[in-house]
Amino acid sequence: MQKEPHLFQEADKTLIAAVDEAIERAVETAGHELQSLGVGRSPQDYFADAVLRHLFLRLCGADLRTNTGGDPETAWKILYMGRSVARHWERERGGSAALREKKDRR
């Protein structure tokens, strides 16, 4: 039984390393062009954001080519989880968590 969590942890490490490597390859391939276009952030951040958007759409079941057809409930769950993390980080820094009301949902 102890092996199973370890296998998942190793698979996670492999996945994260592959994502990081893909971002670095994208930077090497197109980072200079991005900078010449005047993108206001580093190529690493730009490509990491692209990965995040892709995974968000994928998790929501959206069409990855058109960004349509995703499940709004799944999207809201992901966004609310992110908001929870942000509030936790605000408290960690000694501030009070920003009070933002939840939007009404079904």
Side-chain angles (χ1 to χ4, degrees):
M1 284 303 250
Q2 194 69 351
K3 266 189 170 179
E4 222 171 85
H6 179 69
L7 291 174
F8 285 116
Q9 289 171 343
E10 288 303 312
D12 284 351
K13 286 180 186 176
T14 301
L15 173 64
I16 298 304
V19 170
D20 287 341
E21 184 181 323
I23 290 170
E24 288 308 313
R25 271 187 281 140
V27 168
E28 289 170 10
T29 302
H32 183 70
E33 289 81 5
L34 262 180
Q35 287 179 318
S36 70
L37 293 173
V39 174
R41 52 194 163 154
S42 74
Q44 287 85 352
D45 287 349
Y46 178 87
F47 291 120
D49 180 65
V51 170
L52 179 63
R53 282 183 278 122
H54 174 83
L55 293 176
F56 180 79
L57 293 168
R58 184 180 179 133
L59 286 170
C60 295
D63 181 308
L64 299 174
R65 287 177 290 111
T66 63
N67 301 340
T68 60
D71 177 30
E73 285 300 310
T74 301
W76 282 117
K77 286 177 186 176
I78 293 167
L79 294 171
Y80 286 136
M81 185 270 309
R83 188 172 75 170
S84 256
V85 170
R87 285 183 173 162
H88 175 76
W89 290 340
E90 286 173 335
R91 283 189 218 101
E92 269 186 346
R93 291 181 177 174
S96 62
L99 297 176
R100 297 177 182 100
E101 294 183 23
K102 280 188 178 179
K103 298 266 185 201
D104 290 334
R105 332 183 261 158
R106 289 184 284 148

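Keep in mind the model is a prediction, meaning the values are calculated, not measured. Values reported hereafter were calculated over all heavy atoms of this structure, with side chains retained and with hydrogens, waters and symmetry mates removed. In this chain, residues are counted from 1 in sequence order.
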### Query
Under the salt bridge (Lys or Arg N to Asp or Glu O under 4.0 Å) rule, what pairs show up with a residue in residues 59-70, not counting sequence neighbours?
Asp63-Arg65
### Query
With sequence neighbours left out, what residues match Thr29 under side-chain hydrogen bond (donor to acceptor under 3.5 Å, both in side chains)?
none
Would you give me the side-chain donor-acceptor pairs under 3.5 Å for residues 8-22, sequence neighbours excluded?
from, atom 1, to, atom 2, distance (Å)
Thr14, OG1, Glu10, O, 3.0

### Message
Taking transitive links into account, so neighbours of neighbours count too, which hydrophobic residues share a cluster with Val85 at under 4.5 Å side-chain distance?
### Response
Met81, Trp89
#### Entry: Glu33: side-chain hydrogen bond (donor to acceptor under 3.5 Å, both in side chains) partners, not counting sequence neighbours
none
### Query
Should we count CZ of Phe47 as having more than 12 external heavy atoms under 6.0 Å?
yes
### Message
Restricting to side-chain contact (heavy atoms from CB on, under 4.5 Å), what partner residues turn up for Glu28, sequence neighbours left out?
### Response
none
Just distance, no hydrogens or angles: give the donor-acceptor pairs under 3.5 Å from side chains in residues 51-62, sequence neighbours left out.
from, atom 1, to, atom 2, distance (Å)
Arg53, NE, Asp49, OD2, 2.9
Arg53, NH2, Asp49, OD2, 3.3

#### Entry: Contacts of type side-chain contact (heavy atoms from CB on, under 4.5 Å), residue Glu24, not counting sequence neighbours
Gln44
### Asp71 to Thr74 - nearest heavy-atom pair and separation
OD2-OG1, 2.6 Å
